[in-house]
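By convention in this document, chain letters (A, B, ...) are assigned in the order of the sequence lines, proteins followed by strands, and residues within each chain are numbered from 1. Worth knowing before you read on, the calculation uses all heavy atoms, side chains too, and leaves out hydrogens, waters and symmetry mates.
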Amino acid sequence: AASAPKPLPSSGPKSLREMPHPLATSSSEEMGPALTPSPDLLLPRSIADKDLSLPNGTPVDTSSPASSSSLLNRLQLDDDLDVETRDLFVTVDDPKKHVCTMETYITYRVTTKTTRAEFDLPEYSVRRRYQDFDWLRNKLEESQPTHLIPPLPEKFVVKGVVDRFSEEFVETRRKALDKFLKRITDHPVLSFNEHFNVFLTAKDLNAYKKQGMALLSKMGESVKYVTGGYKLRSRPLEFAAIGDYLDTFSLKLGTIDRIAQRIIKEQLEYLVELREYGPVYSTWGGLEVELSEPLEGVSACIGNCCTALEELSEDMTEDFLPVLREYILYAESMKNVLKKRDQVQAEYEAKLEAVALKREDRPKVPADVEKCQDRVECFNADLKADMERWQNNKRQDFRQLLMGMADKNIQYYEKVCVT
Amino acid sequence: MEDCLAKKMEITVSEAEKRTGRNAMNIQETYTAYLIETRAVESQSEGHCAPVESLWRRYSEFELLRNYLSVTYPHIVVPPLPEKRADFVWHKLSADNMDPDFVERRRIGLENFLLRVASHPVLCQDKIFYAFLMQEGGWKEMVNETGFQLKADSRLKALNATFRVKNPDKRFTELKHYSDELQSVISHLLRVRARVADRLYGVYKVHGNYGRVFSEWSAIEKEMGDGLQSAGHHMDVYAASIDDILEEEEHYADQLKEYLFYAEALRAVCRKHELMQYDLEMAAQDLTSKKQQCEELATGTVRTFSLKGMTSKLFGQETPEQREAKIKVLEEQIQEGEEQLKSKNLEGRDFVKSAWADIERFKEQKNHDLKEALISYAVMQISMCKKGIQVWTNAKECFSKM
């Protein structure tokens with residue numbers, strides 16, 4: 001049982017950073033820090049290991065949009081999602097403040113590098129603001145309702161409490177937005193979404209937003225799900241289990257969030273006392289002759305401890321807590337998707353019942369019922385696939401997160417030791 | 001160090017016991033008695049272990065001993081006793097005198113006191129001290145028979161002297177300032193340290209909650225479950241570790257407290273000096289005025305305004321016989337006074353010399369002890385950090401296996 005972390009994809013031990021970028025020859029000068037993918041791009045091995053299939057055993061192509069029964073095979077999920085086959089890289093960075101007459105807001109630079117055919121150019125760089133991300137997410141939810149859409153950082157900020165333009169807030173948000181886009185990029189279906197494409201490439205996003213409706217119908221992705229009115233017969237066990245899991249999961253994360261906050265609070269109070277403690281040794285040192293050196297030494301040490309502790313608390317606040325909250329949001333949106341799934345299944349069952357009752361001698365089941373059935377099955381499949389992926393990613397994320405937390409604490413203690 | 005008792009004898013305060021008894025006012029009370037064990041150190045014999053002598057003493061008897069020593073040896077910085085009541089407590093520590101932790105720390109403090117007295121070159125030779133260690137019955141009477149209480153200077157007298165003395169030895173004045181400041185700084189330190197301990201305790205304990213949550217969370221996870229569970233266990237270990245850490249720190253606090261109380265002993269020596277000096281000054285003043293009186297009577301001139309001068313002016317001069325008698329009395333007194341002054345001067349100088357010698361000894365002891373205390377405090381902190389690193393490294397490993 002090796003304690004080393006899981007090995008990277010089979011292409012060998014090369015890390016992502018060492019791999020030459022697919023477009024290296026053309027634009028090597030521009031490859032600044034924007035190119036280095038963040039650690040959570042290291043894809044989990046296990047996607048390759050999962051066997052995705054419907055409850056009845058039929059293998060499923062997870063890439064299908066829910067609209068038609070004939071499964072599109074416009075892309076096959078590459079079983080070995082190796083680093084070498086990655087053909088889309090997205091980064092969010094460079095926040096800038098814009099002051100206009102009506103309002104002040106922040107934009108972020110979104111850089112895309114890709115070899116996919118769906119993109120006209122190999123590279124794009126656009127500026128987007130939070131509103132745009134929000135729009136994208138809504139569009140994704142509308143157009144891919146059977147999939148789990150990653151969460152965005154919270155939209156509204158209590159004005160008195162947090163400064164919307166403070167460096168820490170902007171940086172935390174930037175990281176979250178970057179994560180959001182990377183998750184979409186990783187997703188075999190979502191990453192091919194038309195809206196996502198436009199988001200990454202359009203110079204004037206607002207113009208596109210306005211013609212939103214027209215485009216939707218053109219792609220045929222508009223599927224309206226009727227909410228309410230249908231009662232679910234029986235929820236398949238696995239989805240019930242997922243629902244329960246998500247409930248408990250959110251609860252536990254909430255508790256952890258509160259604990260972490262409490263710890264930070266206690267640490268800060270400890271810090272206050274420490275800050276008074278150190279100087280007393282100094283005062284004493286002034287009083288003594290022979291002992292003044294060691295006393296001063298103690299005082300200085302305590303000062304260093306204060307600094308180290310401060311850093312620890314800051315790191316926890318900036319890195320640890322936001323990710324927790326993000327997952328809580330994720331769980332929320334997932335539960336919504338589950339609800340929708342229930343609805344679809346309910347609709348399907350209702351329609352099926354209606355047909356059975358009619359007892360007509362139609363040889364074929366009406367198309368719309370069939371459609372429903374397909375929808376349900378696709379929904380289920382997509383959901384399952386997404387769940388699997390989500391679980392793996394989540395595991396990785398948390399692993400990172402908690403290791404990071406442990407690391408920070410270790411660093412803190414090491415710093416204290418050294419002094 | 002010369003031959004002192006500590007080298008010839010092993011002294012320990014080995015046990016503490018709750019007792020009930022009737023006190024002087026015939027009221028039932030509970031108190032703690034401490035077992036003092038002594039054993040002579042046989043210098044060269046192997047296998048020849050001297051028998052252990054032991055007797056029980058309570059805190060008030062220790063106090064009596066110390067009072068006796070302070071009065072009998074006013075030029076010595078007498079080691080202090082551990083605190084009577086628990087002070088500088090933080091929320092977890094109890095302020096109860098009967099609390100076992102407090103009793104334990106007091107036991108150590110009392111042992112320390114005895115060892116300090118036993119290793120002092122002057123104090124260790126005192127018979128009363130020896131009897132304290134060896135003779136259970138009748139010791140109190142023995143102490144009282146020395147009549148030391150009579151020798152004790154009244155507080156009021158001492159206070160008066162402090163304000164009125166004109167020419168104390170500068171070193172003592174400085175020392176007094178130093179001990180005042182030392183007392184103030186150490187008190188402050190101990191107070192803040194108690195608060196720091198309190199907060200640190202809080203931080204560690206909250207981490208224990210992680211243990212519980214991780215455990216609950218692990219129940220719903222598949223692959224992450226084991227990692228979470230074992231990490232949670234480490235969090236529990238972390239939270240529990242603070243108890244031992246802070247207990248160790250109490251010893252450090254006790255070492256500081258000893259020197260806090262030592263400051264009081266230092267001040268006592270300074271006060272004694274001031275008293276003696278004041279006495280001396282008063283005696284000298286008295287002598288001078290008597291000499292002056294004598295001179296006036298002899299020469300008939302009135303130098304200074306005096307009531308006597310006034311009355312003699314108003315009521316007529318005295319007869320020569322009366323004057324002669326007065327002069328004679330005065331001359332006797334002057335002679336007495338000069339002798340007294342001489343001896344007081346000598347006393348004062350001796351006092352200063354021996355007191356200062358002991359003070360130097362004390363200074364060295366203090367520097368040595370406090371340096372060691374600070375070093376051990378630092379070592380404690382490092383060990384605490386190392387434990388922290390250990391726990392988090394373990395937790396990290398658990399996380400990495402998720």
**Study point:** Option among B:E274, B:E181, B:H273 that satisfies the side chain to side chain donor-acceptor pair (under 3.5 Å) test with B:K176
**Key:** B:E274

Point to revise | Top contributor to chain B interface from A:T283, A:I256, A:V272 [non-hydrogen pairs under 4.5 Å] | key: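 Of the options given, most contacts go to A:I256.
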
Exercise for review: Give the C-alpha distance, both sets of side-chain angles, the deciding distance and a yes or no for side chain to side chain contact (heavy atoms under 4.5 Å, CB included) between A:L287 and B:Y178.
Suggested key: CA-CA 7 Å; A:L287 201 59; B:Y178 167 76; 3.9 Å; yes

**Study point:** Nearest-0.5 Å distance that lies between atom OH in B:Y377 and atom CZ in B:R193
**Key:**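 Taking OH in B:Y377 and CZ in B:R193, the distance rounds to 6.5 Å.
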
Side chain from CB out, backbone as N, CA, C, O: work out which of these in [X] comes under 4.5 Å of a heavy atom of chain A, or both, or neither.
X      : value
B:L182 : both
B:L190 : neither
B:L189 : both

Review point. Any idea which of B:E216, B:H177, B:K363, B:R191 has the most non-hydrogen atom pairs under 4.5 angstrom with chain A?
Key: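 Ranked by contacts with chain A, first place is B:E216.
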
Review point. Is the distance between the ring centroids of B:Y262 and B:F362 less than 6.0 Å?
Key: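 So the answer is yes for these two rings.
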
**Study point:** B:H233 and B:Q229: CA distance, side-chain angles, deciding distance, side chain to side chain contact (heavy atoms under 4.5 Å, CB included) verdict
**Key:** CA-CA 6 Å; B:H233 164 72; B:Q229 179 89 6; over 6 Å; no

